[in-house]
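One structure is given here, and the rest of the page talks about it.
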Amino acid sequence: CYRRRYKRYFVMLEEEDKGFSSSKSDTVKGYGKIEIRNDHGTLSLYCQNLKKLEEKKERYRLYLILTEDPLEPTVVDIGPIKVDDNGKGEIVWEFNSENVKGFKKPIEDFDVLTIVVEPFEETQRILAPLVGYIHKKKSNWKPLLQKKLFVVSKDNKKQVQLQPQEKS
């Protein structure tokens, strides 16, 4: 039996790490909209007042995180976000709502949507201008994302940044 369903919800993004606002008077702002029609999902994210980053050094990147299992968090790399000269950025991403990016997890299980600054040089700090809690419940997501993005190599005890896989 196949049931039709439609859901739409908004995720308000709030400032997490300071220093990424394009003006002194405004803070960074944003929201995500998740729409589900049967098993087809669309995530639209809009942000404003983000300062432009030096393209050769770093860029903004969007992640969807499921923090339920702290030992094995599910991190979905949605991709880079282009920010225009006015500090506005947006990304639209389509996915299977029952099996998000092949992780066999439905979209309803995910709890964090965050914009992170992705540096092109090695660093172990995660800077997130914006974060949104999908179910309104805050979680300690940063160490979980850090664990997924950086791998400690056994021989030299140094963390190495994993390059995101480019998938369309």
Side-chain angles (χ1 to χ4, degrees), residues 6-36 41-68 70 73-95 97 100-101 107-150 159-168:
Y6 177 79
K7 265 189 191 167
R8 177 177 66 195
Y9 43 101
F10 290 88
V11 182
M12 299 313 294
L13 300 177
E14 51 199 55
E15 187 174 38
E16 176 81 10
D17 292 317
K18 299 204 178 306
F20 294 97
S21 178
S22 57
S23 75
K24 288 189 176 24
S25 57
D26 285 324
T27 59
V28 291
K29 295 183 184 103
Y31 71 90
K33 179 175 75 172
I34 298 172
E35 281 186 280
I36 301 164
T42 304
L43 186 150
S44 311
L45 183 114
Y46 306 92
C47 50
Q48 61 189 49
N49 302 334
L50 275 174
K51 75 176 183 186
K52 211 152 165 61
L53 298 173
E54 281 185 64
E55 280 181 30
K56 304 265 185 284
K57 289 189 172 176
E58 52 196 8
R59 64 181 170 182
Y60 295 110
R61 196 163 195 93
L62 182 62
Y63 289 97
L64 181 64
I65 307 170
L66 168 57
T67 63
E68 175 185 72
T74 304
V75 175
V76 177
D77 175 12
I78 294 174
I81 299 173
K82 291 257 186 266
V83 174
D84 67 16
D85 294 333
N86 300 321
K88 291 184 172 35
E90 80 177 72
I91 189 171
V92 176
W93 180 62
E94 296 190 356
F95 58 92
S97 65
V100 177
K101 215 163 184 181
I107 186 68
E108 288 88 358
D109 286 3
F110 288 85
D111 52 349
V112 176
L113 189 61
T114 183
I115 297 176
V116 172
V117 175
E118 178 189 32
F120 293 131
E121 61 201 45
E122 278 193 32
T123 176
Q124 290 146 28
R125 257 185 34 227
I126 287 185
L127 292 172
L130 287 166
V131 66
Y133 298 97
I134 296 170
H135 306 294
K136 313 285 186 266
K137 188 175 151 251
K138 293 193 175 191
S139 64
N140 191 13
W141 59 271
K142 258 189 184 177
L144 302 179
L145 181 60
Q146 188 159 14
K147 182 178 158 185
K148 280 294 196 186
L149 295 185
F150 304 103
Q159 289 189 327
V160 183
Q161 183 171 2
L162 297 175
Q163 289 306 310
Q165 295 88 24
E166 290 297 324
K167 282 192 209 167
S168 52

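Lys51 is linked by a salt bridge (Lys or Arg N to Asp or Glu O under 4.0 Å) to nothing, counting only residues two or more places apart in sequence or in another chain. Listed by chain and number, the residues in a side chain to side chain contact (heavy atoms under 4.5 Å, CB included) with Glu68 are Leu66 (sequence neighbours excluded). Looking at residues two or more places apart in sequence or on another chain, you find no side-chain hydrogen bond (donor to acceptor under 3.5 Å, both in side chains) involving Thr74. Contacts of Asp26 classified as salt bridge (Lys or Arg N to Asp or Glu O under 4.0 Å), with partners at least two apart in sequence or in another chain: none. Qualifying side chain to side chain contact (heavy atoms under 4.5 Å, CB included) partners for Glu35, counting only residues two or more places apart in sequence or in other chains: Tyr6, Arg8, Lys33, Arg37. Residues passing the salt bridge (Lys or Arg N to Asp or Glu O under 4.0 Å) test with Lys29, sequence neighbours excluded: none. Qualifying side-chain hydrogen bond (donor to acceptor under 3.5 Å, both in side chains) partners for Tyr60, counting only residues two or more places apart in sequence or in other chains: none. Under the salt bridge (Lys or Arg N to Asp or Glu O under 4.0 Å) criterion, Glu16 pairs with no residue at all, not counting sequence neighbours. The ring-ring contact (aromatic ring centres under 6.0 Å, His included) search around Tyr46 returns Tyr31, not counting sequence neighbours. With sequence neighbours left out, Ser139 forms a side-chain hydrogen bond (donor to acceptor under 3.5 Å, both in side chains) with no residue at all.
In this structure, the side chains of Tyr9 and Ile107 come closer than 4.5 Å at one or more pairs of heavy atoms. Looking only at side-chain heavy atoms (C-beta outward), Leu64 and Ile134 come within less than 4.5 Å of each other. Looking only at side-chain heavy atoms (C-beta outward), Val131 and Val112 come within less than 4.5 Å of each other.
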Does the side chain to side chain contact (heavy atoms under 4.5 Å, CB included) test come out yes or no for Leu62 and Leu113, once each step is laid out? CA-CA 7 Å; Leu62 182 62; Leu113 189 61; 3.9 Å; yes
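The list of salt bridge (charged side-chain N to carboxylate O under 4.0 Å, His left out) pairs with a residue in residues 125-138, not counting sequence neighbours, reads Glu14-Lys138.
Looking at Asp17, its side chain does come within 3.5 Å of a backbone N or O of Ala128 through a donor-acceptor pair. At least one donor-acceptor pair closer than 3.5 Å links the side chain of Thr114 to the backbone N or O of Leu130.
Of the inter-residue distances, the one linking Leu145 atom CG with Ile126 atom CD1 reads 4.0 Å to the nearest 0.5 angstrom.
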Show me the side-chain donor-acceptor pairs of residues 80-90 shorter than 3.5 Å, one per line, residues at least two apart or across chains.
unit_1	atom_1	unit_2	atom_2	d
Asp84	OD1	Asn86	N	2.9
Asp84	OD1	Gly87	N	3.1
Asp84	OD1	Lys88	N	2.9

